[in-house]
Amino acid sequence: MKAVECTKYGGVEFLKLVEIEKPSPKESEVLIKIHATSVTSGDARIRRADPFLIRLIFGCKKPRKSVLGVVVSGEIEAVGKSVKKFKVGDQVFGSAGMKFGAHAEYVTVSENGVLALKPDRMSYEEAAAIPFGATAALHFLKIANIQQGQKVLIYGASGAIGTLAVQLAKNQGAIVTGVCSTSNIKMVKALGADKVIDYTLEDFTKNGETYDVIFDTVGKSSFWGALKSLNKNGHLLMASAGMGLLMGSAIVSPFINKKIASGVIEETADDMNFIKLLIESGKLKAVIDKTYSLEQIAMAHNHVDQGHKKGNVIIRILP
Ligand SMILES: NC(=O)c1ccc[n+]([C@@H]2O[C@H](COP(=O)([O-])OP(=O)(O)OC[C@H]3O[C@@H](n4cnc5c(N)ncnc54)[C@H](OP(=O)(O)O)[C@@H]3O)[C@@H](O)[C@H]2O)c1
């Protein structure tokens, strides 16, 4: 089968389209014929080994799992002997998680992995725009346990996590403010944000407004400014916090009446099933910026590397 290997950390020139053996499912695994996947900000960060810690976790000179890609959207072609949850022909979407391997024509995933039936009437490409952002957004928003009428600010509202966080927070009854740049204002409003702040014109930490929840999805807001803009007992959620911020927040947390959450997300099949129901009831939609073929994956990584994608970058594997 065709797959893209990351042969060395660094630029997109180290991504090679290769022929490798098609995997076969173990006893409790399903084999998925991938129709669409995504190049996520996570894939691009691993390829770049950014931050350096990635080398300690995923391999020193190159990723041990050389085929990157976590997002899966496709059809089950075969199942292992003991698989009960899925059958051949099921259309599924989800995440291959730390096994990676989704930048390929086929991948195997445990039947107990982060997998759900694909929502009816959603294309494979649209479905590939959901798992990465939705599981991360849901993970953090669950921590804040948003109540009806609470004021929630989503910083980086136009990215993969942000576009889904705006919709999920709105769905939980929040009054949502999205922060993005000028060209994304219309899109963020269309996703349901009650108010949009253009970060190129206004600093949300300096306008006197306060919030019950501030979710920085891209790690680019001011930590102290965000804390100052939180109401008492408010939650600061940080999807992308480096070591400095992690240590800083651990030090200040005991001394403030505000809660700070960061760290690595946990994705579950229950989350995917919950997300599927929201999509089917029209409450969550996919945002796709650009679509590429597997052969064009270097272009897709280049686009993601710019840090300004709108929602998701999709790789279409089957026409
Ligand atoms: N904690 C975890 O386990 C976990 C899980 C998943 C992802 N993450 C991390 O979460 C981060 C976000 O992921 P993502 O995929 O959602 O990112 P993304 O889609 O790549 O974010 C792109 C968006 O960020 C916006 N942006 C760029 N600079 C900005 C700024 N200064 N202020 C406000 N918005 C800005 C861009 O909008 P403009 O073009 O308008 O600037 C663009 O729409 C990544 O660092 C990823 O590694 C962490």
Side-chain angles (χ1 to χ4, degrees), residues 37-51 53-54 57-58 68-71 95-98 100 114 128-143 153-168 177-191 193 196-205 214-223 225-226 236-243 245-246 249 260-268 271 286-290 300-314:
T37 179
S38 169
V39 175
T40 67
S41 54
D43 296 319
R45 292 188 83 151
I46 293 179
R47 191 211 78 236
R48 300 194 304 263
D50 163 29
L53 188 67
I54 281 178
I57 302 169
F58 296 106
L68 302 179
V70 293
V71 172
S95 168
M98 289 301 117
F100 299 97
V114 187
I130 299 288
F132 181 80
T135 52
L138 199 56
H139 169 92
F140 283 104
L141 292 177
K142 275 198 273 190
I143 294 170
L153 179 133
I154 309 292
Y155 192 86
S158 49
I161 300 176
T163 49
L164 286 152
V166 167
Q167 299 178 78
L168 286 167
T177 299
V179 183
C180 62
S181 69
T182 318
S183 67
N184 291 320
I185 292 175
K186 212 168 144 194
M187 174 185 76
V188 173
K189 274 196 180 142
L191 292 173
V196 180
I197 294 175
D198 181 343
Y199 72 80
T200 67
L201 302 175
E202 183 180 347
D203 180 344
F204 82 90
T205 67
I214 295 177
F215 183 9
D216 182 349
T217 67
V218 288
K220 298 211 170 148
S221 68
S222 147
F223 175 68
L236 173 58
L237 312 171
M238 300 187 295
S240 185
M243 280 312 276
L245 262 188
L246 288 178
S249 51
I260 305 173
S262 56
V264 178
I265 66 149
E266 199 185 320
E267 317 170 291
T268 67
D271 286 347
V287 177
I288 295 178
D289 183 345
K290 287 174 188 270
H301 271 260
N302 265 330
H303 186 57
V304 176
D305 281 352
Q306 307 307 309
H308 293 286
K309 69 181 165 66
K310 298 174 199 297
N312 299 272
V313 168
I314 301 301

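Atoms within a ligand are numbered from 1 in the order they appear, just like the ligands themselves.
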Subject >> Nearest neighbour of atom 12 (C) of ligand 1 from the list V218, T200, T217, on a heavy-atom basis >> reply: T217
Original post:
With backbone taken as N, CA, C and O and side chain as the heavy atoms from C-beta onward, which portion of H308 lies under 4.0 Å from ligand 1: side chain, backbone, both, or neither?
Top reply: both
**OP:** Looking only at distances, please establish whether an N/O atom of ligand 1 is found under 3.5 Å from an N/O atom of F140.
**Re:** no
**OP:** Taking ring pair (Phe, Tyr, Trp, His ring centres under 6.0 Å) as the test, write out the residues that go with F223, two or more places apart.
**Re:** none
Original post:
Is it true that the side chains of S221 and D216 contain a donor and an acceptor less than 3.5 Å apart?
Top reply: yes
**OP:** For atom 26 (N) of ligand 1, grab the closest protein heavy atom and report residue, atom and distance to one decimal in Å.
**Re:** G307 O, 4.0 Å
**OP:** Flag A160 as yes when one of its N or O atoms lies below 3.5 Å from any N or O atom of ligand 1, and as no otherwise.
**Re:** yes
Original post:
Where on N184 is there a heavy atom closer than 4.0 Å to ligand 1, on the side chain, on the backbone, on both, or on neither?
Top reply: side chain
Original post:
Do I161 and F140 have side-chain heavy atoms sitting under 4.5 Å apart?
Top reply: no
Original post:
Taking atom CG of D289 and atom CG of N184, what is their separation to the nearest 0.5 Å?
Top reply: 9.0 Å
Original post:
Do any N/O atoms on K310 end up under 3.5 angstrom from N/O atoms on ligand 1?
Top reply: no
**OP:** Could you tell me whether the side chain of H308 reaches within less than 4.5 Å of the side chain of S183, counting heavy atoms only?
**Re:** no
Original post:
Who gets closest to atom 16 (O) of ligand 1 by heavy atom: I46, I161, T40?
Top reply: I161
Original post:
Any N/O of C180 closer than 3.5 Å to an N/O of ligand 1?
Top reply: no
Original post:
Does S183 come within less than 4.0 Å of ligand 1, judged by its heavy atoms?
Top reply: no
Original post:
Quick one: does G219 get within less than 4.0 Å of ligand 1, heavy atoms only?
Top reply: no
Original post:
Taking heavy atoms and a distance under 4.0 Å, where does H139 meet ligand 1: side chain, backbone, both or neither?
Top reply: neither
Subject >> Side-chain heavy atoms of P131 within contact of E267, under 4.5 Å >> reply: no
Original post:
Are there more than 12 heavy atoms of other residues, nucleotides or ligands under 6.0 Å from atom NZ of K142?
Top reply: yes
Original post:
Heavy atoms only: which of G42, A239, P51, S262 is nearest to atom 9 (C) of ligand 1?
Top reply: A239
